[in-house]
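Read the structure below first, then the notes.
Letters A, B, ... are given to chains in the order of the sequence lines, protein chains preceding strands, and every chain is numbered from 1.
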Amino acid sequence: MELPGWLARGLVDLFPAGSGGATDPDQQLGARLAEAETAGRPLRVKLGIDPTGSDIHLGHSILFRKLRAFQDAGHTAVLIIGDFTARIGDPTGKSSTRVQLDAEAVEANARTYLEQLGQGQPRERALLDFETPGRLEVRRNSEWLAGLDLPQVIDLLGISTVGQMLAKEDFANRYGCGTPISLHEFLYPLLQGYDSVAVQADLELGGTDQKFNVAMGRDLQRHFGQRPQFGLLLPILPGTDGVQKMSKSLGNTVGLREDPLSMYSKLEKVPDAVVDAYLTLLTDADLAALPGNPRERQKAMALEITRARHGSEAAAQAQADAARLVAGVAGTGAADAEVPEASLAAVNFPARAFYLLAAVGVCASSSEARRAIQGGGVRLDGLKLADPNQEFADAAALDGKVLQLGKKTFRRLVAG
RNA sequence: GGGUCGGUGCCCGAGUGGUUAAUGGGGGCGGACUGUAAAUCCGCUGGCUCUGCCUACGUUGGUUCAAAUCCAACCCGGCCCA
C-alpha cells in the first residue's frame, strides 16, 4: 500500500516493514492509515523530546516537521516532554554517562522548547500546530513515571535482558572500551518505551539512533496488551561541517532562534554533499526544480530554510547582507545592513581596546580580546586595530562605529 | 569487599622535584588564499582595564628553599577476583 508523499519524504526506516498481509493494519502503515480514516479516528503520533538543553536546532526540527505533517493530515501529535527521563539521561549516542538535571532546570528547558515550537503563535508561523483543536497533546512523562512503584519497575525490568541492552550499540561501545555504564541507564529505554504505553501511541517518530528505544516501545505495548506502534525513523541531520551530526556540543548547529543573517550565512556554507539532504529534510521544495549549479543550489537551500523560519522578506534581506559581508564592504557600507547593536552602557571609560571588546561581549575574556587584536582580526569602522592598549576616552568617541571581529562578527556600538 | 592501574588545560595525551601557564595532537578562533566551504600555509588558544598581578595538573592536608611531579587520607573510574 502506497504511503502519501508527505509521509514518505526523508524516511529512512519504517517498521514493521509489512511482512504480513498487505491489508493488515498492524503490519502495514498504509493499512493503518486507511483504517483510521474509515473509523474517523486520528492516529496518535508520538514524539518524545528530552528537555536537556535550551535551544532547538535544525537537526531537531526534522522530526517536528514530520510531526507537523501528520497534524496537517488530521492526526494527533502527542508531544512527550521527557521531564522525568531527562533526569536519567538518554545514553543514546553518548560516550559517557549523561549528567542528571534537576527538576527546575528541566521545567525551564521544557518551557523554552514549547515556545520555540510555536506555542501561542498562529499555526502558519509555528513549527507545530498549537491552534487547531485535537491536533496536539503535550504530555510530561513524570505524569505516569513519577508514580511507578517498585513492583511496577521490577515488572518493567523483567521485559528486557542484559543481553538485549548490551546489543544496543551505545552500550556495547561503552562496555567494550571500558567506560562506565550505570545501571539506571538501562532503565531509560524501558521508561521511554513505557511512554508509548501510557499515551497509546499508534506510531512513534524518531531519529535513526532511536530505533532501539522505539522498538522497545513496541515490546512494552505488547506486554501491556496494546497494539504495538509503528516506528518511523528519520535521518540524523549532518551539521554545518557536513560530516558529524548536528549537535550543540560539536558547535555545528543552526538554531531555530538565530537571526536571519546568521542562519542564512551558516547555511550557504554547508558542504555541497549535504545540500540535498538539507533540502529534503528541512524544506518542502521540489529538488528537481532547483538550480543544478552547486553554489546556486546552496544559496537556494539557505534562502528556503531561512524563509520558512523568518519569512520571505527577512530571508531576502539576509541573502543580500550576506553577499555584502563576503564582498568585504562591511564596516563602511554596512550602515543599512543588519548589524546587531552593542551597548556601551556597561563599559567604564576610559577604556582600552582589549577591555572594550570583552566588556561589549565580542570576546569571552579580555585576554582573548588582546590576542585577537594582536592577531590582526579586529577592525573598527573598517580600520584594523593594531594596539590592544589603544585608549578610548568616552562613549561618544565610539558611538555609531562598527566593531568587527573576524569576518562574521559585527557590532554597532551604541552609547548609553 | 580484596588486588591492581589510573584521574593533567575545551578534548586526547606527554611530563614523574627545580627558573617557564606546563611538549605534542585534535578542536576552536584569527590572518592569507578560494565560487562560500574544504584543503594548504601562518599566528593565537588560563584570567585580570596587563609592561605587572592572580589562579591552575581529582580533593584535602603534609614533606621540602622548591611539587603536576614525593607522602597520607579521601573522592571518582577501568580491569581482575569475590
Side-chain angles (χ1 to χ4, degrees), chain A residues 94-97 99-100 173-183 185 238-254 261-278 291-303 305-306 318-330 344 346-380 383-395 397-398 403-410:
Chain A
K94 296 290 185 283
S95 49
S96 56
T97 308
V99 281
Q100 298 181 38
N173 290 151
R174 280 166 61 188
Y175 193 66
C177 53
T179 24
I181 302 172
S182 291
L183 283 175
E185 295 182 68
T240 50
D241 57 2
V243 181
Q244 292 184 281
K245 69 168 187 172
M246 186 174 283
S247 151
K248 186 145 193 190
S249 56
L250 295 172
N252 59 3
T253 62
V254 179
L261 178 57
S262 68
M263 185 178 259
Y264 179 87
S265 35
K266 279 186 186 179
L267 288 169
E268 74 161 350
K269 290 170 187 164
V270 160
D272 294 343
V274 297
V275 167
D276 281 5
Y278 274 49
N293 174 290
R295 180 65 181 139
E296 291 308 311
R297 203 174 174 89
Q298 236 175 1
K299 286 191 191 168
M301 179 275 288
L303 187 65
I305 294 175
T306 309
Q319 187 172 49
D321 289 344
R324 187 164 8 194
L325 292 185
V326 169
V329 201
L344 293 168
V347 181
N348 295 319
F349 287 95
R352 309 233 229 174
F354 70 90
Y355 157 73
L356 178 75
L357 292 243
V360 142
V362 170
C363 289
S365 72
S366 64
S367 301
E368 184 181 308
R370 171 177 289 274
R371 284 180 231 116
I373 295 169
Q374 280 165 345
V378 179
R379 290 163 185 272
L380 185 64
L383 292 172
K384 190 174 281 188
L385 276 181
D387 179 12
N389 291 317
Q390 183 175 342
E391 203 167 276
F392 301 96
D394 49 37
L398 292 166
L403 188 63
Q404 177 182 1
L405 171 68
K407 286 174 187 142
K408 292 166 231 152
T409 310
F410 295 87

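- The pairing partner recorded for G1(B) is C81(B), the criterion being a Watson-Crick or G-U wobble arrangement whose two distances lie under 3.5 angstrom.
- For Arg370(A), counting side-chain heavy atoms from C-beta on, the closest listed nucleotide (A37(B), C50(B), G35(B)) is C50(B).
- Ser365(A) comes within 4.0 angstrom of the backbone, heavy atoms only, and of no base.
- If you check every strand for non-hydrogen atoms under 4.0 Å, Pro388(A) touches nothing.
- Atom OH in Tyr355(A) sits roughly 23 Å away from atom P in C53(B) (whole-Å rounding).
- Counting only heavy atoms from C-beta on, Asp272(A) has its side chain closest to G35(B) among G35(B), A37(B), C50(B).
- The nearest heavy atom of RNA chain B to Gly375(A) and to Tyr175(A) marks one nucleotide each, and the one closer to the 5' end goes with Gly375(A).
- Note on Arg371(A): only backbone sugar-phosphate atoms sit closer than 4.0 angstrom, heavy atoms only; bases stay farther off.
- Nucleotide A72(B) forms a pair with U60(B), judged by Watson-Crick or G-U wobble geometry with both contacts under 3.5 Å.
- Nucleotide A38(B) holds its C1' atom 11 Å from the CD atom of Gln298(A), rounded to whole Å.
- The separation of U63(B) from G18(B), taken at their C1' atoms, amounts to 16 Å, rounded to a whole angstrom.
- Following rounding to the nearest Å, Leu183(A) (CG) and G77(B) (P) show an atom-to-atom distance of 12 Å.
- Side-chain N or O atoms of Asp394(A) include one that pairs as donor or acceptor with a backbone N or O of Ala397(A) at under 3.5 Å.
- Taking atom P in both G15(B) and G24(B), one finds a spacing of 14 Å when rounded to whole Å.
- Under the 3.5 Å distance criterion, the side-chain polar atoms of Gln298(A) are left unmatched by any main-chain donor or acceptor of Val275(A).
- As rounded to whole Å, 17 Å separates atom C1' of A37(B) from atom CZ of Arg297(A).
- Taking the C1' atoms as reference points, G9(B) lies 14 Å from G58(B), given to the whole Å.
- Counting only distance, with no hydrogens or angles, the side chain of Glu268(A) and the backbone of Val270(A) share no donor-acceptor pair below 3.5 Å.
- Taking side-chain N and O atoms only, Ser366(A) has a distance below 4.0 Å to OP1 or OP2 of U49(B).
- A heavy-atom distance below 4.5 Å is found between the side chains of Arg370(A) and Asn389(A).
- Nucleotides G47(B) and A37(B), compared at atom P, are 27 Å apart to the nearest Å.
- Judged purely by atom type and a 3.5 angstrom limit, Tyr355(A) has no side-chain atom pairing as donor or acceptor with the backbone of Pro350(A).
- You'll find that the side chain of Arg352(A) is closest to U49(B), out of G47(B), U49(B), G35(B).
- Here, A21(B) and G52(B) have their P atoms 12 Å apart, quoted to the whole Å.
- When side chains are defined from C-beta on, Arg371(A) does not count as touching Phe354(A), because their heavy atoms never get closer than 4.5 Å.
- A gap of 16 Å separates the C1' atoms of U55(B) and U20(B), to the nearest Å.
- In this structure, CD of Glu391(A) is placed 9 Å from C1' of U49(B), rounded to the nearest angstrom.
- In this structure, the OH atom of Tyr278(A) is 12 Å from the C1' atom of A37(B), given to the nearest Å.
- With the nearest nucleotide of RNA chain B identified for both Gly406(A) and Val347(A), Gly406(A) has the one nearer the 5' end.
- U40(B) is paired with A32(B) under the Watson-Crick or G-U wobble criterion, all donor-acceptor distances under 3.5 Å.
- The main-chain N or O of Thr240(A) is never found under 3.5 Å from a side-chain atom of Lys269(A) such that the two would form a donor-acceptor pair.
- To the nearest whole angstrom, the two C1' atoms, one in U51(B) and one in G62(B), are 38 Å apart.
- For A66(B), there is no paired nucleotide, since no Watson-Crick or G-U wobble pair has both relevant distances below 3.5 Å.
- Protein atom CD of Glu368(A) is 10 Å distant from nucleotide atom P of G46(B), rounded to whole Å.
- Separating the NZ atom of Lys384(A) from the C1' atom of G31(B) is a distance of 7 Å, rounded to the nearest angstrom.
- Nucleotides U64(B) and C71(B) are separated by 16 Å at their P atoms, to the nearest Å.
- Across all strands shown, U23(B) forms no Watson-Crick or G-U wobble pair with both distances under 3.5 Å.
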